[in-house]
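In this text the structure is predicted, and so the values were computed from the model without any measurement.
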Amino acid sequence: MSTREQPVTEAFVALGDTLGRKVDPLVLLGRLIRHSVALTSIEAAGVMLANARGSLRSAITTEYGAELTEIWQSEVKQGPCIEGFTTGTAVHAPELAAQQDRWPDFVPLARAAGYEGAHALPLQQNGQTIGALNLLARTPVALTYTESTLLRGFADVVTTAVLAWDRQLLGPDDVTARTQAALSGKAVFDIASGMLAATADITPAEAAVRLHAYADHHQQRPTDIADQLVRRTLDPHTVLTPQT
């Protein structure tokens with residue numbers, strides 16, 4: 001196996017970890033964006049999911065700037081993710097500066113956040129689009145055929161995994177419920193991370209790392225730990241204590 005084949009194979013194995021009903025959508029989406037950045041020329045990534053009203057909302061990102069671009073896309077109803085979700089096709093804007101007429105409100109906001117290239121891949125299941133993979137670069141960059149194929153494969157595997165909480169065929173209402181659950185889990189996770197950050201006087205990003213570490217150590221889903229923190233059934237200091 002070549003040097004590149006091994007990490008790609010390991011990525012697909014990690015992304016296909018459905019675990020039946022125990023699957024944690026945010027964990028799988030987190031793996032998707034991290035592998036997307038690690039194995040391609042993309043420098044930041046995120047996932048936007050459709051809520052119950054059919055509007056895209058930010059679910060997870062590799063960095064704060066990427067989250068801002070997703071919030072802005074939701075607000076101004078412009079950008080690669082909005083377009084990819086609406087059309088159900090991949091959207092490529094290797095040079096954002098050339099897309100000013102196409103997305104007059106989004107482009108200056110994305111460039112102000114430090115990005116000069118953007119791409120989006122729709123997340124689809126059985127012909128239904130549930131969201132979009134947000135891909136950003138700090139310099140203008142076009143995806144190679146190999147990168148596009150790899151990212152499409154990652155996106156398809158994760159979409160299937162996120163929705164495969166049981167073996168029954170999902171209907172449109174079921175798919176909507178799954179994506180809404182992922183967005184709700186993200187909201188609870190953010191609240192719990194804020195609680196930990198306030199308790200330990202650390203950043204929310206550092207708190208999220210501590211929460212994930214605690215969940216991994218106890219072999220539980222991060223969203224379940226977050227729920228316990230928000231419901232006050234788990235002491236924040238317990239989660240903040242280094243795991244041995």
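Looking only at side-chain heavy atoms (C-beta outward), Val47 and Asn134 stay at 4.5 Å or farther from each other. Looking at heavy atoms from C-beta onward, Pro242 lies out of side-chain contact with His217 at the 4.5 angstrom threshold. In this structure the side chain of Thr203 reaches within 4.5 angstrom of the side chain of Glu206, judged on heavy atoms. For the pair Glu63 and Glu43, the minimum side-chain heavy-atom distance is 4.5 Å or more. By the 4.5 Å heavy-atom criterion applied to side chains, Ser36 and Leu151 are counted as neighbours.
In this structure, Thr233 contributes its side chain and Gln228 its backbone to a donor-acceptor pair below 3.5 Å. Remark: the backbone N or O of Ala66 is paired with a side-chain donor or acceptor of Tyr115 at under 3.5 angstrom. Distance alone, capped at 3.5 Å, places no donor-acceptor pair between the Thr199 side chain and the Pro236 backbone. With Arg210 contributing its side chain and Leu240 its backbone, the two residues share a donor-acceptor pair below 3.5 Å. Although no hydrogens or angles enter the test, the distance criterion places no donor-acceptor pair under 3.5 Å between the side chain of Gln124 and the main chain of Thr129. In this structure, the side chain of Gln99 does not engage the main chain of Ala93 through any donor-acceptor pair within 3.5 Å. Looking at Glu147, its side chain does come within 3.5 Å of a backbone N or O of Thr144 through a donor-acceptor pair.
Here the straight-line distance linking atom OG of Ser58 with atom CE of Met48 works out to 6.0 Å at 0.5 Å rounding. The CZ atom of Phe154 sits 11.5 Å away from atom OG1 of Thr149, with the distance rounded to the nearest 0.5 Å. Rounded to the nearest 0.5 Å, atoms CD1 (Ile82) and NZ (Lys77) are 7.0 Å apart. Interatomic distance, OG of Ser148 versus NE2 of His119, reported as 8.0 Å (0.5 Å rounding). Rounding to the nearest 0.5 Å gives a distance of 11.5 Å between CD of Glu75 and CG of Leu68. The CD1 atom of Ile71 sits 11.5 Å away from the CG atom of Leu109 when rounded to the nearest 0.5 Å.
Hydrophobic clustering (ILVMFWY, side-chain heavy atoms < 4.5 Å, transitive): Trp72 and Ile60 are in distinct clusters. Hydrophobic clustering places Leu121 together with Leu143 (ILVMFWY residues linked when any side-chain heavy atoms are closer than 4.5 Å, directly or through intermediates). There is a path of hydrophobic side-chain contacts, each under 4.5 Å, that joins Leu135 to Leu32. Val91 and Phe85 fall into different hydrophobic clusters, defined by Ile, Leu, Val, Met, Phe, Trp and Tyr side-chain heavy atoms under 4.5 Å apart, directly or through other members. Cluster membership for Leu56 and Ile33, using ILVMFWY side-chain heavy atoms within less than 4.5 angstrom, is not shared.
Of all the heavy atoms in Ala118 and Pro80, the pair that sits closest is CB-CG, 4.0 Å. Nearest heavy atoms, Leu29 versus Ala59: CD1-CB, 4.3 Å. Closest approach of Ala207 and Ser193 over heavy atoms only: CB-O, 3.2 Å. Residue Gln78 comes nearest to Phe106 through the heavy atom pair OE1-N, 3.2 Å, listed as atom of the first residue, atom of the second, then distance. In terms of heavy atoms, Ala110 sits closest to Leu96 at CB-CD1, 3.9 Å. Scanning both residues, Gln100 and Val107, for their nearest heavy atoms gives OE1-CG1, 3.6 Å.
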ask   = Do Glu70 and Thr61 pass the side-chain hydrogen bond (donor to acceptor under 3.5 Å, both in side chains) test, and can you show the C-alpha distance, the side-chain angles, and the key distance before you say yes or no?
value = CA-CA 9 Å; Glu70 296 184 351; Thr61 60; 5.7 Å; no
Working for salt bridge (Lys or Arg N to Asp or Glu O under 4.0 Å), residues Glu67 and Arg57 = CA-CA 10 Å; Glu67 184 173 2; Arg57 293 292 182 266; over 6 Å; no
request  = Verify salt bridge (Lys or Arg N to Asp or Glu O under 4.0 Å) between Glu116 and Arg111, making sure each step is shown before the conclusion.
outcome  = CA-CA 6 Å; Glu116 295 294 338; Arg111 297 186 69 195; 3.0 Å; yes
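Scored by the salt bridge (Lys or Arg N to Asp or Glu O under 4.0 Å) test, Arg232 finds no partners at all (sequence neighbours excluded).
Applying the ring-ring contact (aromatic ring centres under 6.0 Å, His included) definition to pairs two or more places apart or across chains, those involving residues 191-214 are Phe189-His212, Tyr214-His218.
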